[in-house]
There are 2 protein chains.
Amino acid sequence: MAAKPRAGPINLREACISEALQIIEDAGIEGLSLREVARRLGVSHQAPYKHFPSRDHILAEILARCFDEFAAFLDQRPPSTEPFDDLRGMGEQYMAYARLHPVKYRLMFNTPMPDPDAHPNMMRNAQRAFALLRDRLTDMALRPVDETHRSSANLDAMFVWSTLHGLASILQSDTFRTLKMSDVELQQAISRCFARLSLALTPLP
Amino acid sequence: MAAKPRAGPINLREACISEALQIIEDAGIEGLSLREVARRLGVSHQAPYKHFPSRDHILAEILARCFDEFAAFLDQRPPSTEPFDDLRGMGEQYMAYARLHPVKYRLMFNTPMPDPDAHPNMMRNAQRAFALLRDRLTDMALRPVDETHRSSANLDAMFVWSTLHGLASILQSDTFRTLKMSDVELQQAISRCFARLSLALTPLP
DNA sequence: CATGCATGTTGACATTGTCTACTTCACTGG
DNA sequence: CCAGTGAAGTAGACAATGTCAACATGCATG
């Protein structure tokens, strides 16, 4: 009754996704075409259309998985007892993902996305990743003070999130590459950001 | 000897650029095609090629102008004598640009760019915009002047830029809108970011 | 005046997304 | 057991795009 792999139905679907991602890694997002996917897999140019209604749909599926992977990656960070260490750990985890998976990170944050309303699953996963991050940061900001300031902690979480996202995003952007910053400066910049973040999070009057 | 406008040589070039930008505003970056530009201007599909060697070249030109406009916008912020007010003024100006010109902002920072080395003019303008941000920070004299002054300002500029860009980017993203934050909370979040930024920029030991 | 170069037009080609119409073939209800 | 049904895959067609080549035109300068 349900779909039973006939030696290659779901296989091709999965193969399309991983091959598409490979193409993006090789040639960038603009190099992705369903026909190239089909060609690499040795199937007809229409075969992928049996599994994805359009190019945007395969992109949305890839993005959905990226957001999932991203959220899981952030979640696996080992917790620490010291709030600032914890915060820094989270920040480093965030930056680590961007460093380890630059293409995927760019795909998620530095690339035009398919219309979110048309791809609810992708959007849900994205939202989940963002919510996770913000909630974690909120908890951390909350710990040093008392529980009555949850909304205030939420604002601080937005601040930290902004800085992390902005930094990772900038480092991955084409625009940043035009600045021709050296690797040393880059490492210094990241360290400086963490230092400034710590400084920023002293209690407000 | 030099090019003399023959009733429409430079005109067409300018017209292409503004029409291309209009197309991007209308239909997004993926809707931009040189043929559509030509069509809208009522010229043959090859006419634009007399002024731009390729699609990337017209995009690079548009980006170069966006960076110029962006830099000018940041610069027109009313100067203040109080350093922190000054920082906040520029930050608000930054956020204002992102709010008033979301398409251009995304074009500059959230979109794959043509190879910078192939488009030095675009690259120069992008660098100039960043340098402006950095120099403002330098001028604020928020830290003791020493030999590392300039490079230190560079790092802090990266930090401020990260926070501003991250915030602007998050507020614009489709996924963020699903978090359903109220306008009040949103304004609070922005204010909090500025407050934290000020706090962050006290002199380092 | 002839020539050349900038500007513009027309036509052609390969590539892409996507539609429609065919083929195959494993499974299923009678 | 067997016709048939529907999913997976193939083949061909179409319009749109970027870009190349060949041609037209007209102003400027030798």
Side-chain angles (χ1 to χ4, degrees), chain A residues 1-24 26-63 107 111-115 118-119 122, chain B residues 1-24 26-63 111-115 118-119:
Chain A
M1 42 173 11
K4 187 180 163 190
R6 198 170 71 233
I10 288 183
N11 297 9
L12 181 56
R13 188 172 202 281
E14 288 304 308
C16 281
I17 291 174
S18 80
E19 202 62 43
L21 192 53
Q22 188 58 52
I23 291 174
I24 294 177
D26 291 348
I29 180 68
E30 62 279 357
L32 173 63
S33 84
L34 283 191
R35 290 178 105 107
E36 176 66 16
V37 170
R39 217 173 291 128
R40 290 201 187 195
L41 293 174
V43 296
S44 81
H45 68 254
Q46 276 296 343
Y49 278 86
K50 297 296 165 173
H51 301 275
F52 306 95
S54 83
R55 183 180 180 277
D56 273 0
H57 281 77
I58 196 176
L59 236 182
E61 173 87 30
I62 290 176
L63 279 169
L107 207 54
T111 281
M113 259 203 305
D115 175 22
H119 306 277
M122 173 191 77
Chain B
M1 45 172 7
K4 185 182 165 190
R6 198 173 67 234
I10 287 183
N11 298 6
L12 181 56
R13 190 172 201 280
E14 290 304 308
C16 282
I17 292 174
S18 78
E19 202 63 44
L21 191 54
Q22 188 57 52
I23 290 174
I24 295 177
D26 290 349
I29 180 68
E30 63 279 354
L32 173 64
S33 84
L34 283 192
R35 290 178 105 107
E36 176 66 16
V37 170
R39 214 173 293 127
R40 290 199 187 195
L41 293 175
V43 296
S44 80
H45 68 257
Q46 276 295 346
Y49 277 87
K50 298 298 165 173
H51 299 275
F52 307 95
S54 83
R55 183 180 181 278
D56 273 0
H57 281 77
I58 196 177
L59 235 181
E61 175 86 31
I62 289 176
L63 279 168
T111 284
M113 245 197 322
D115 175 22
H119 307 277

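Chain A is the first sequence line, chain B the second, and so forth, proteins listed ahead of strands; every chain is numbered from 1.
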Is there a donor N/O on one and an acceptor N/O on the other, under 3.5 Å, for the side chain of [X] and the base of [N]?
X	N	result
B:Arg13	C:dT7	no
B:His45	C:dG11	yes
A:Arg39	C:dT15	no

*asked:* Any base atoms under 4.0 Å from A:Arg55, or only sugar-phosphate, or nothing? Heavy atoms, all strands.
replied: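 It contacts sugar-phosphate atoms only.
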*Check B:Leu59 against B:Pro114 and note the closest heavy-atom contact, atom names and distance.*
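It is CB-CG, 4.2 Å.
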_If you compare all heavy atoms of A:Ser44 against all heavy atoms of A:Ala38, which two are closest, and at what distance to 0.1 Å?_
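Closest approach of A:Ser44 to A:Ala38: O-CB, 3.3 Å.
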If I take atom [atom1] in residue [X] and atom [atom2] in nucleotide [N], what distance separates them, rounded to the nearest angstrom?
X	N	atom1	atom2	result
B:His57	D:dT19	NE2	C1'	13 Å
B:Glu30	D:dA16	CD	P	18 Å
B:Glu36	D:dT19	CD	P	16 Å
B:Ile58	D:dT19	CD1	P	11 Å
A:Phe52	D:dA8	CZ	C1'	14 Å
B:Arg35	C:dT16	CZ	P	16 Å
B:Ile23	D:dA16	CD1	C1'	14 Å

*Evaluate the criterion side-chain contact (heavy atoms from CB on, under 4.5 Å) for residue pair B:Asp26 and B:Arg40; output intermediate values, then yes/no.*
CA-CA 13 Å; B:Asp26 290 349; B:Arg40 290 199 187 195; 3.3 Å; yes
*Does A:Val43 or B:Tyr49 map to a spot on DNA chain D nearer the 5' end, using the closest nucleotide for each?*
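Comparing both residues, the 5'-ward one is A:Val43.
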Of the listed nucleotides [options], the one nearest the side chain of [X]:
X	options	result
B:Leu34	C:dT10, D:dG18, D:dG9	D:dG18
A:Ser44	C:dT7, C:dA12, D:dG9	D:dG9
A:Lys50	C:dG8, D:dT19, D:dT10	D:dT10

*Phosphate OP1/OP2 of D:dT17 contacted by B:Ser33 side-chain N/O (<4.0 Å)*: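 It does, given that an N or O in the side chain of B:Ser33 lies less than 4.0 Å from OP1 or OP2 of D:dT17.
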*Under 4.0 angstrom between A:His51 side-chain N/O and D:dA7 OP1 or OP2*: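 For D:dA7, neither OP1 nor OP2 has a side-chain N or O of A:His51 closer than 4.0 Å.
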*Just how far is it from atom NE2 of B:His57 to atom NE2 of B:His51, taken to the nearest 0.5 Å?*
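Atom-to-atom, B:His57:NE2 and B:His51:NE2 are 14.5 Å apart.
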_Would you say that A:Cys16 contacts A:Ile58 through its side chain, given a criterion of any heavy-atom pair below 4.5 Å between the two side chains?_
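Counting from C-beta outward, A:Cys16 and A:Ile58 do come under 4.5 Å.
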